[in-house]
Amino acid sequence: MARILITSALPYINGIKHLGNLVGSQLPADLHARYMRARGHEVMFLCATDEHGTPAELAAAKAGQPVADYCAEMHEVQAQLARGFRLSFDHYGRSSSPQNHWLTQHLAGRLADAGLIEEVTERQVYSIADGRFLPDRYIEGTCPNCGYERARGDQCENCTKQLDPTDLINPRSAISGSTDLEVRETKHLYLRQSAMRGKLNDWIDSKTDWPILTTSIAKKWLNDGEGLQDRGITRDLDWGIPVKKGDADWPGMEGKVFYVWFDAPIEYIACAAEWAAANGRSEADWRRWWRTDEGADDVRYVQFMGKDNVPFHTLSFPSTIMGSGEPWKLVDYIKSFNYLNYDGGQFSTSQGRGVFMDQALSILPSDYWRWWLLSHAPESGDSEFTWENFQASVNKDLADVLGNFVSRVTKFCRSKFGETVPEGGAWGDREAALVAGLSDRIAAYARQMEAIEIRKAAAELRAIWVMGNEYLQEAAPWTVVKSDPAAAAAVTRLALNLAALYAVLSEPFIPDAAETLREAFGLDRLAWPASAEAALSRLAPGQPFRVPDVLFAKISDDDRAEWQIRFAGTR
RNA sequence: GGGCCUGUAGCUCAAUUGGUUAGAGCAGAGCGCUCAUAACGCUUUGGUUGCAGGUUCGAGUCCUGCCGGGCCUACCA
């Protein structure tokens, strides 16, 4: 039995995430966690809301709430949605937790002691009306290059020229529109990532099995221009983790907080401490997952994230870990994803374009979304959600191939033998062939799941479902029953077992349907099959079962058309 | 501007890393079945692998150029 530590990129606290966010991190992480648990491994699956930063402050202000209250509320909303999608976190934490405050300050102190922190005085734009420093992209003005009037302080979206906020003509605050701006000096801490460059490079080079998407982004940042740049890890904000050197004050940094990208990954660790606190566990219980000197040396750590997160997970966070000089667990495998587009364009939070997690659950159960999203995960390139494709895939795969199989088997049995597993008859060549074919397919499915090749795994699972229909068609118990009831009973018994097996194999993708089947067949738990042969004899003759309700109702053309309009955006 | 990814059947994607005749699912066509959510099974149509060159006994795969799509480019997270 192995020990697998799994983290999903932390969803930002600001608002409800769309399906593209979901499929890029939390959902595939959940698939992996469920599969590894099913295989009997010890799993620690952690996620949390990422709560600091300017957008959180602004969203709270817009909602007319203190930022702490806003975050607490939004955390609950997101936690509820996570439950709705059956994301099986061992703990869903908060980057604003006391544990993260402590650990972030502790690690910053360690980095300072190691000489990896530099104090830099810089000049930043301050908005007097807003009473705050403005990040570059929160300053708008006229582009000096092309004259576009809504250029941002970091880059002009019209001509793509990189800008400095002071380049802008008629600069104004993007928050209030105020032009009462001035440049002020402010001091910040920088993490000397450049000093870690060689170490990081060697480390990345050693990860030959990582997705190209992951390593190519890391390499680019390591080698681009003058190489990896130092990075500011503090900000002039009220909401965040106060800058301290361990327990001690940090002279000159009063009133400042750590940058959200510094403290967010540290929450991966702190989240485990939250888990322990929330479950009455000891310090040692969580540290055995994270400290290689306290039991984590045999842990395999896998991270899931969208491609935009890769630099922080391949370079910044490892710099923090390595630079601390303490034996915290480094990531072993990073699974990164491209983007999911929506019907010919991007998902857009501001324009309400696309499907958001709450809306998705309001129209269909989570299994539908889980299946489509995972079986179309943007692994090799960006992928696209269209309602036509969603309707076709879900109706065919879930309703026809899987759902109808369960339906025809259980209803046939009920009408000919009653609602108990029939006895009598024996397996013949056809059953032996099925066992052999199934063994191969299950092995292939397991291989893809181990490799976290999600679309390929989904295709294998679907092929396993298809085998049930093929078998039934060939065995034709509805004909055989007329002349040889015992033979028909054997076929039916095997087919019922097949349905029960599907519950086990499908659980990582569609946990609710798996649970429905588990109950229908009176199984106490969903144990991974030791062999196809054994799995197909699991339900004993005479054992009662229930005919489950329709597992997956089909999506009608009317529904599809209505949703297509409802989620088109520009609301 | 620089970099990375990508282009394969009407659609969504494969192709054991250079190896026989480029494969699946969906959609389409035909046949079969009647247990089942008008579901299922079998058969089948469909490709100058974006374009043009090159390397090689052999190229979807490697090289060069062009065309198209996408992403990143460090103070949003």
Side-chain angles (χ1 to χ4, degrees), chain A residues 9-14 21 50-56 58 122 124-125 133-139 152-155 160-162 164-165 174 188 193 212-213 215-217 219-221 223-225 228-232 235-236 259-261 264 306-312 315-316 338-339 341 346 375-376 378-384 386 388-389 392-393 395-416 455-456 458-459 462-463 466 468-481 488 491-492 495 547 549-554:
Chain A
L10 308 187
Y12 195 64
I13 193 70
N14 178 17
N21 298 129
D50 175 15
E51 304 194 354
H52 298 133
T54 308
L58 297 180
E122 53 194 18
Q124 287 213 330
V125 174
F133 282 96
L134 296 176
D136 290 356
R137 71 169 52 193
Y138 283 98
I139 302 157
R152 292 189 321 212
D154 55 343
Q155 185 175 34
T160 73
K161 185 177 172 61
Q162 308 248 6
D164 191 89
H188 283 296
Q193 295 185 145
I212 294 170
L213 184 65
T215 50
S216 66
I217 292 173
K219 285 294 204 176
K220 161 78 165 137
W221 282 56
N223 301 319
D224 194 36
L228 187 60
Q229 302 296 296
D230 293 341
R231 189 163 192 111
R235 290 291 183 273
D236 287 296
Y259 177 40
V260 41
W261 260 117
K307 58 186 169 186
D308 52 333
N309 275 249
V310 167
F312 302 99
L315 305 169
S316 303
N338 288 282
Y339 292 141
N341 290 319
Q346 297 194 333
S375 62
H376 295 80
E379 288 174 299
S380 58
D382 292 351
S383 66
E384 174 157 316
T386 63
E388 288 84 355
N389 187 303
S393 295
N395 285 355
K396 192 68 191 172
D397 299 347
L398 297 181
D400 295 346
V401 176
L402 175 63
N404 183 55
F405 173 75
V406 171
S407 192
R408 64 196 295 209
V409 167
T410 53
K411 286 178 180 171
F412 176 79
C413 185
R414 180 172 62 186
S415 74
K416 304 299 179 195
R455 280 183 314 204
K456 290 178 181 173
R462 195 197 122 101
V466 167
N469 287 310
E470 288 171 348
Y471 170 75
L472 265 195
Q473 185 67 28
E474 273 187 44
W478 46 87
T479 304
V480 174
V481 72
V491 170
T492 305
V547 174
D549 292 335
V550 166
L551 274 187
F552 296 99
K554 291 204 191 195

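Residue numbers start from 1 in every chain, and the chains themselves are labelled A, B, ... in the order their sequence lines are given, proteins ahead of strands. These numbers come from the heavy atoms of this one structure, side chains and all, not from hydrogens, waters or symmetry mates.
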Could you tell me the Watson-Crick or G-U partner of [N], where both distances fall under 3.5 Å? Say none if there is no partner.
N: B:U37; answer: none
N: B:U8; answer: none
N: B:A29; answer: B:U43
N: B:G58; answer: none
N: B:C76; answer: none

Quick one: does [X]'s side chain get under 4.5 Å of [Y]'s, heavy atoms only?
X: A:P477; Y: A:L472; result: yes
X: A:Q193; Y: A:S316; result: yes
X: A:H188; Y: A:D236; result: yes
X: A:L398; Y: A:L551; result: no
X: A:F133; Y: A:V125; result: no
X: A:V401; Y: A:R462; result: yes
X: A:W478; Y: A:R408; result: yes

Sticking with atom [atom1], work out how far [N] lies from [M], rounded to a whole angstrom.
N: B:U44; M: B:A24; atom1: C1'; answer: 15 Å
N: B:A22; M: B:U48; atom1: P; answer: 12 Å
N: B:G50; M: B:G60; atom1: P; answer: 10 Å
N: B:C26; M: B:U43; atom1: P; answer: 13 Å
N: B:U12; M: B:U6; atom1: C1'; answer: 15 Å
N: B:G25; M: B:G70; atom1: P; answer: 31 Å
N: B:C76; M: B:U64; atom1: P; answer: 35 Å
N: B:G7; M: B:C13; atom1: C1'; answer: 13 Å

Handout entry: Side-chain (A:S407) to main-chain (A:G403) donor-acceptor, under 3.5 angstrom
Key =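 Pair absent, no side-chain N/O of A:S407 close to backbone of A:G403.
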How is [X] classified with respect to the nucleic acid when contacts are heavy atoms under 4.0 Å: base, sugar-phosphate, or nothing?
X: A:E51; answer: nothing
X: A:L551; answer: base
X: A:G232; answer: nothing
X: A:Q124; answer: base
X: A:N14; answer: nothing
X: A:V547; answer: nothing
X: A:K416; answer: nothing
X: A:V260; answer: sugar-phosphate
X: A:Y339; answer: sugar-phosphate
X: A:K554; answer: base
X: A:S393; answer: nothing

Should [X] be listed as having a side-chain N or O under 4.0 Å from OP1 or OP2 of [N]?
X: A:K411; N: B:U37; result: yes
X: A:K219; N: B:C72; result: no
X: A:R231; N: B:C75; result: yes
X: A:R455; N: B:A14; result: yes
X: A:R235; N: B:C76; result: no
X: A:K396; N: B:A24; result: no
X: A:Y259; N: B:A77; result: yes

How long is the line joining [atom1] of [X] and [atom2] of [N], in whole Å?
X: A:R152; N: B:A77; atom1: CZ; atom2: P; result: 12 Å
X: A:E384; N: B:U6; atom1: CD; atom2: C1'; result: 14 Å
X: A:Q229; N: B:A74; atom1: CD; atom2: C1'; result: 8 Å
X: A:N341; N: B:G69; atom1: CG; atom2: P; result: 14 Å
X: A:E388; N: B:G28; atom1: CD; atom2: C1'; result: 17 Å
X: A:F412; N: B:C40; atom1: CZ; atom2: P; result: 19 Å
X: A:N404; N: B:C35; atom1: CG; atom2: P; result: 13 Å
X: A:I139; N: B:C76; atom1: CD1; atom2: P; result: 10 Å

Taking only the side-chain heavy atoms of [X] (C-beta and beyond), determine which of [options] contains the nearest atom.
X: A:P135; options: B:G41, B:C26, B:C75; value: B:C75
X: A:P55; options: B:A77, B:U73, B:A14; value: B:A77
X: A:K456; options: B:U37, B:A77, B:A14; value: B:A14
X: A:W478; options: B:A77, B:C33, B:G41; value: B:C33
X: A:D308; options: B:A27, B:U73, B:A77; value: B:A77
X: A:R137; options: B:A36, B:C76, B:U37; value: B:C76

Exercise for the section: Confirm from the modelled atom types if A:E122 and B:C75 form a donor-acceptor pair under 3.5 Å, side chain to base only. Expected result: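 Indeed, a donor on one side and an acceptor on the other fall under 3.5 Å apart.
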Practice task
Check whether the side chains of A:K307 and A:N338 place a donor and an acceptor atom closer than 3.5 Å, and report yes or no.
Solution key: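 On atom types as modelled, these side chains qualify, holding a pair under 3.5 Å.
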Practice task
By nearest nucleotide on RNA chain B, pick out whichever of A:D230 and A:A399 is the more 5' one.
Solution key: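 This one resolves to A:A399.
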Problem - Closest-nucleotide 5' rank along RNA chain B - winner of A:S415 and A:S383 - result: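 Result: A:S383.
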Exercise for the section: Based on the glycosidic angle (syn within 90° of 0, else anti), state the conformation of B:U17. Expected result: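 B:U17: syn.
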Handout entry: Aromatic ring pairing A:W261/A:F312, orientation class (parallel under 30°, perpendicular over 60°, tilted between)
Key =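 Correct class here is parallel.
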